[in-house]
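Here's the structure, in structure tokens; my notes come after.
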Amino acid sequence: QVQLVESGGGLVQAGGSLRLSCAASGTLLGFKSMGWYRQAPGKQRELVATITSDGITNYADSVRGRFTISRDNGRNTVSLQMNSLKPEDTAVYYCNVVVRLINADYWGQGTQVTVSS
């Protein structure tokens with residue numbers, strides 16, 4: 001069973017920065033994809049950014065140029081550096097991983113990010 005441990009959420013003023021991290025464990029197969037999604041109150045969960053084991057990244061248009069995703073394959077960690085934060089970035093952020101070969105995906109418990117105006 002894959003376990004995901006997230007850290008780094010919090011409260012920040014608009015224009016500030018936060019860094020989210022997620023550590024994955026529980027499988028020897030490795031992770032095809034690691035990434036972050038978010039869900040704001042009353043809205044559906046949406047993709048923020050993902051990164052493959054080869055380093056190919058995908059960003060939501062709303063965060064491209066402000067957020068940077070990175071991963072450490074050796075440590076099975078994925079991080080999201082969030083700069084120039086806006087109030088509309090306020091949401092619960094969820095780590096997501098897809099296990100290589102079996103394509104099973106797992107979710108973290110979520111971490112709250114609140115951006116005040």
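We use all heavy atoms of the structure for the numbers below, so side chains are in, but hydrogens, waters and symmetry mates are not. Note that this is a predicted model, so its numbers are computed, not measured.
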task: Please examine the side chains of R71 and T50, heavy atoms only from C-beta on, and report whether any two atoms are closer than 4.5 Å.
output: no

message: Nearest 0.5 angstrom please: F31 CZ to S53 OG, how far?
response: 11.5 Å

- request: Could you tell me whether the side chains of T90 and E88 share a donor-acceptor contact shorter than 3.5 Å?
  value: no

query: Roughly how far, to the nearest 0.5 Å, is the CH2 atom of W36 from the OG atom of S79?
result: 7.5 Å

field: For the student: nearest non-hydrogen atoms of Q3 and G26, plus distance
entry: OE1-CA, 4.1 Å

Flag side-chain contact, heavy atom, 4.5 Å: R38 against K43: no

- prompt: Are any non-hydrogen side-chain atoms of R19 and S70 less than 4.5 angstrom apart?
  reply: yes

message: To check you understand the geometry: which heavy-atom pair defines the closest contact between M34 and T77, and what is its length?
response: CE-C, 4.0 Å

query: Side chain of Y59, backbone of L47: donor and acceptor closer than 3.5 Å?
result: no

message: Please report the interatomic distance OH(Y94) to CD(E6), rounded to the nearest 0.5 Å.
response: 8.5 Å

Taking every non-hydrogen atom, the tightest pair across S17 and Q81: CB-NE2, 3.9 Å

message: For the CG atom of N76 and the OG1 atom of T27, what is their distance to the nearest 0.5 Å?
response: 8.5 Å

- line: Looking only at heavy atoms, the pair that brings V78 and C95 closest together is CG1-SG, 3.9 Å

message: Taking the side chain as everything from C-beta on, heavy atoms only, tell me whether V113 gets closer than 4.5 Å to L18.
response: yes

- request: List the atom of A40, the atom of A91, and the distance in Å for their closest heavy-atom pair.
  value: N-CB, 3.8 Å

- line: Which of V115, D89, L20, V12 passes side chain to side chain contact (heavy atoms under 4.5 Å, CB included) with M82? Answer is L20

- prompt: Distance from E46 atom CD to Q44 atom CD, nearest 0.5 Å?
  reply: 9.5 Å

- line: Closest non-hydrogen contact found for D72 with R75 is OD1-N, 3.1 Å

message: Please determine whether residues L80 and V63 belong to a single hydrophobic cluster, defined as Ile, Leu, Val, Met, Phe, Trp and Tyr linked transitively by side-chain heavy-atom distances below 4.5 Å.
response: yes

For a quick test of your reading: what N or O donor-acceptor pairs under 3.5 Å do the side chains of residues 97-110 make, sequence neighbours left out?
from	atom 1	to	atom 2	distance (Å)
R100	NE	L29	O	3.3
N103	OD1	K32	NZ	2.6
D105	OD2	N96	ND2	3.4

field: Straight-line distance of I51 CD1 to I56 CD1, nearest 0.5 Å
entry: 9.5 Å

